[in-house]
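Numbering of residues begins at 1 and proceeds along the displayed sequence.
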Amino acid sequence: MSAETATGNGVEKVVEVHKLLNKIGSFVLHRDLDFEVRAGEVMTLVGGSGSGKTQLVRVILGLKRPSAGFVRVFGVSWDDANYFRVRAARERMGMLFQNGALYSAFTVYQNVAFPLRERGGLDDEAIRAIVYAKLAQVELEPKHADLLPANLSGGMVKRVALARALALSPELLILDEPTAGLDPDRSDAFVRLIKRMRTEYRFAVLMVTHDLDTLQDLSDRISVLADQHIIASGSIDEVRKVPHRFIENFFGGERGRRAFTAA
């Protein structure tokens with residue numbers, strides 16, 4: 001079997017979470033949680049405040065160990081004793097944090113170069129070529145490379161963070177509230193950028209968002225986290241029909257009606 005685990009219908013999974021038990025101290029955050037992201041898709045995770053979306057992402061990233069159940073990314077468990085297999089799986093992921101999480105003392109160039117230097121194996125000339133290629137992909141110019149994060153607009157911070165997340169050419173990109181803090185025009189521009197890059201490079205995306213417009217524009221499938229587990233998963237139309245208070249409030253409110261008028 002390949003590193004990716006195939007589903008029964010032949011679609012590869014890049015993320016598999018099964019029967020997850022996730023605790024914070026004695027508090028049970030997730031119980032019997034099943035979740036998956038398939039190769040090439042945009043899977044959007046939604047849920048109310050306190051439902052544990054960020055904690056689930058931390059488990060998927062291997063930053064938090066679950067109390068029970070298993071998590072596999074590209075077929076690899078973070079508990080795998082083979083260091084090189086785990087590292088290889090990690091390098092196939094890229095993460096864009098909600099606030100960009102750029103290193104404030106690093107220039108744009110240094111931020112994007114950081115994961116390349118951490119991986120090793122590249123000389124300065126190769127790193128330079130990759131950094132400028134990634135900046136061009138996110139529609140930034142070479143003149144931006146020497147700027148510090150404090151001198152960037154919110155939209156530029158997101159683009160630099162995206163360039164850094166894509167530095168290792170990941171097959172799975174994780175987006176945490178990618179349009180949070182952006183005005184409508186910059187939000188639309190960022191969504192268009194993600195759509196274009198995904199069309200070109202066909203990476204899978206796991207996105208956490210509460211923004212219904214972003215969800216509508218990008219998602220192939222969505223999963224709803226409530227009551228300690230995934231209560232619904234499927235297309236937007238399928239999920240909207242599931243009778244649950246959170247789903248009804250999330251999709252049926254004024255914002256939901258506006259976002260899905262054309263649906």
Side-chain angles (χ1 to χ4, degrees), residues 2-6 11-16 36-44 57 60-63 71-78 80 82-98 100-103 106-142 144-145 155-176 178 189-208 218-220:
S2 66
E4 297 84 7
T5 302
V11 177
E12 292 177 338
K13 298 177 183 179
V14 296
V15 175
E16 299 174 85
E36 68 178 35
V37 180
R38 300 170 184 169
E41 75 170 352
V42 176
M43 163 58 78
T44 298
V57 170
I60 291 170
L61 287 168
L63 300 177
V71 178
R72 296 192 186 109
V73 180
F74 299 109
V76 177
S77 167
W78 299 134
D80 195 311
N82 187 313
Y83 166 81
F84 297 101
R85 190 155 47 225
V86 170
R87 177 173 175 173
R90 289 191 186 282
E91 290 178 352
R92 297 169 73 180
M93 299 189 298
M95 176 75 198
L96 190 153
F97 297 92
Q98 180 174 340
L102 299 181
Y103 297 109
F106 285 7
T107 64
V108 165
Y109 181 96
Q110 291 168 330
N111 267 281
V112 179
F114 183 81
L116 297 165
R117 297 192 189 282
E118 285 290 295
R119 183 179 63 178
L122 297 172
D123 60 24
D124 288 344
E125 183 177 350
I127 290 174
R128 180 180 179 84
I130 294 171
V131 168
Y132 281 111
K134 296 303 176 183
L135 291 177
Q137 286 175 5
V138 300
E139 301 171 359
L140 292 175
E141 301 176 23
H144 297 128
M156 290 177 70
V157 167
K158 295 280 189 179
R159 288 172 186 266
V160 174
L162 179 59
R164 184 179 63 185
L166 296 173
L168 300 181
S169 299
E171 296 162 61
L172 171 64
L173 179 63
I174 300 177
L175 306 175
D176 184 11
F190 195 78
V191 167
R192 288 195 299 270
L193 174 62
I194 294 291
K195 291 175 74 171
R196 176 179 64 76
M197 297 194 70
R198 183 174 164 259
T199 298
E200 292 177 5
Y201 300 102
R202 301 307 303 171
F203 46 73
V205 176
L206 166 56
M207 177 171 65
V208 178
L218 286 177
S219 305
D220 293 314

Contacts of type side chain to side chain contact (heavy atoms under 4.5 Å, CB included), residue [X], not counting sequence neighbours:
X: I130; result: L116, L122, K134
X: R90; result: W78, V86
X: F106; result: Y103, Q110, N111, F114
X: P170; result: L166

Does any part of the side chain of [Y], heavy atoms only, come nearer than 4.5 Å to the side chain of [X], both counted from C-beta?
X: I194; Y: V42; answer: no
X: T44; Y: L218; answer: no
X: L162; Y: L173; answer: yes
X: M43; Y: E36; answer: no
X: L193; Y: R196; answer: yes
X: E171; Y: V14; answer: no
X: L135; Y: E141; answer: no
X: V57; Y: D176; answer: no

Where do [X] and [Y] come nearest, in terms of heavy atoms and distance?
X: L172; Y: F74; answer: CB-CZ, 3.8 Å
X: A204; Y: V37; answer: CB-CG1, 4.3 Å
X: G100; Y: R164; answer: O-NH2, 3.0 Å
X: D80; Y: N82; answer: OD1-N, 2.7 Å
X: V71; Y: I60; answer: CG1-CA, 4.1 Å
X: P115; Y: L168; answer: O-CD2, 4.0 Å

Do the side chain of [X] and the main chain of [Y] share a donor and acceptor less than 3.5 angstrom apart?
X: R72; Y: E16; result: no
X: R85; Y: S77; result: no
X: K195; Y: F190; result: no

Problem - E139 bridged to R192 by N-O distance under 4.0 Å - result: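 No, no charged N to carboxylate O under 4.0 Å.
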Fill in the blank from the handout: For D124, the side chain to side chain donor-acceptor pair (under 3.5 Å) test, sequence neighbours excluded, returns R117
Distance from [X] atom [atom1] to [Y] atom [atom2], nearest 0.5 Å?
X: E41; Y: R198; atom1: CD; atom2: CZ; result: 8.0 Å
X: I174; Y: L96; atom1: CD1; atom2: CG; result: 10.5 Å
X: M156; Y: H144; atom1: CE; atom2: NE2; result: 4.0 Å

Practice task
For the pair L140 and V160, evaluate side chain to side chain contact (heavy atoms under 4.5 Å, CB included) and give the outcome as yes or no after the intermediate values.
Solution key: CA-CA 8 Å; L140 292 175; V160 174; 3.5 Å; yes
Practice task
Mind checking ring-ring contact (aromatic ring centres under 6.0 Å, His included) for Y109 and listing every partner two or more places apart, or none if nothing turns up?
Solution key: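 Listed in chain order: Y132.
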Handout entry: Within 6.0 angstrom of E200 CD, more than 12 heavy atoms from elsewhere
Key = yes
